Amino acid sequence: MTSALLLENIHDTAVERFKEAQVTVERRTGALAGDELHRAPEGHQILGIRSATHLGAAEIEAARHLIAIGCFCIGTSQVDLDAAARAGMPVFNAPFSNTRSVAELVIAEAILLLRRVPEKNTLAHAGKWAKGATGSFEARGKTIAIIGYGNIGSQVGVLAEAMGMRVVYYDVQARLSLGSARAARSLADAVSHADIVTLHVPATAQTRKMIDAEVLGQFRRGAILINASRGTVVDIDALRAACDANHIAGLAIDVFPEEPKTNADRFTSPLQGVPNAILTPHIGGSTEEAQENIGTEVATKLIAFLRTGDTIGAVNFPEVSPGPLTSPARLLNVHGNAPGALAALNTLLARDGVNIVAQHLQTSGQMGYVVTDLDKAPSPELIAALDAEPAFIRCRTLLNPQA
Ligand code: NAI
């Protein structure tokens, strides 16, 4: 019986999927570290984590019996992906599950900022009545510049256009423009035409402080800035100065260069006190729906890998989609990407009198992954020989109960 250890309060949808697939589940609410993390995966084939459990090379080495790792979140930087690949373990995540949640928040913030709601809300709480239309605008007809037109950026564009906004985007890659979105020639071209600039780039060396004093100077006077990407992308001190100079009329910031580690830690930012500003604690993707989607998406990928050897969506592994198991047995073989590995496998199969029904090979970097459908179940001698072959990292056999 296969079993999964799920840490960090992973959503019930994952547990339901595993139970449907006859995988037993042990759940823990918190993250694990140190000795506890070394011991906990014993007896399990699947380990599910979120962002607070760190799996370095030592933890992965100690858990070599695991078949696969599920990151029930978007990012995978908490796992040493190369070490997992070297141990023959694919790592799966849920890259699109919270895309819509972020896009909706951005659109809501754009409308609130255009109407100066944060400022008027603060005044109302303080007993002040700031009725007036000056400086308040509709979203219809305004131009939104989307910096980074990937999964989230393009969704923001679709929603913005549905509300009658003009969409311009800037991306370092050529992207398919959705609807009537226009690709800008440069970052300056995008921001200088926009009433609202929204950032959806990854944290890289190139995007570090890409919105600095110079770029902020290229914004139209009175523009709005929204950042729900990564805190490193904006020079926060330069942004504060641009707000104080009334060059930027409103901002919504969800991500910060330094964020508190837990909800109990104090949050400080140079942006505190800016009148028309929405500051949120990195909640762009934090919705019930996103958590549900993540539970389903990652569990579904892990179950497909358990049942068929499918690695589509693995972040550290060659991707193979061999389809359902129809032959009597299937051999899943992970090997170092070097000449002779496939020949060694096929020689061992032939020596045991096993015929190959179908074979799917994919390599990536140092890794090779080959899925071989067999006309009969491998003998114990063959399995021992496969396990002893130095070219192989690991072999797993799936038997077809119907064949
Ligand atoms: P994605 O990878 O689908 O899209 C990123 C886009 O940015 C790509 O099209 C890429 O070509 C482009 N890009 C990269 N470097 C660029 C540069 N220097 N200039 C212009 N474009 C550049 O990523 P996705 O899923 O859309 O996520 C975007 C950001 O949102 C990421 O930083 C991610 O970490 C963050 N995020 C934040 C959440 C929150 O809770 N606030 C939740 C989910 C994601």
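Each residue takes its place number in the sequence, starting with 1. Computed over heavy atoms, backbone and side chain alike; hydrogens, waters and symmetry mates excluded. Nothing here was measured: the structure is a model prediction, and the numbers come from that model. Both ligands and their constituent atoms are indexed starting at 1 by order of listing.
- Taking the charged nitrogens against the carboxylate oxygens, D82 and R86 have no contact shorter than 4.0 Å, which rules out a salt bridge.
- For atom 29 (C) of ligand 1, the nearest non-hydrogen atom from the set I253, V201, T204, D254 comes from V201.
- Considering only non-hydrogen atoms, atom 38 (C) of ligand 1 lies nearest to A228 out of S154, P281, A228.
- Within a 4.0 Å radius of atom 2 (O) of ligand 1, the protein contributes no non-hydrogen atoms.
- The option with the heavy atom closest to atom 18 (N) of ligand 1, from among N151, T207, I283, is T207.
- With a heavy-atom cut-off of 4.0 Å, L187 does not touch ligand 1 at all.
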Exercise. Could you please spell out the steps behind the ring-ring contact (aromatic ring centres under 6.0 Å, His included) verdict for F317 and Y369?
Key: CA-CA 8 Å; F317 224 69; Y369 177 51; 5.4 Å; yes
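- Contacts of F96 with ligand 1, taken as heavy-atom pairs under 4.0 Å, are absent altogether.
- By the criterion of a heavy-atom distance under 4.0 Å, the side chain of V102, and not its backbone, is placed next to ligand 1.
- Atoms of ligand 1 lying under 4.0 Å from any heavy atom of G284, numbered from 1 in the order shown and given with element: 39 (C), 40 (O), 41 (N).
- Residue-ligand proximity: R175 is placed with a non-hydrogen atom under 4.0 Å from ligand 1.
- Applying the ring pair (Phe, Tyr, Trp, His ring centres under 6.0 Å) test to residues at least two apart or on different chains, the pairs with a partner in residues 210-268 are F256-F267.
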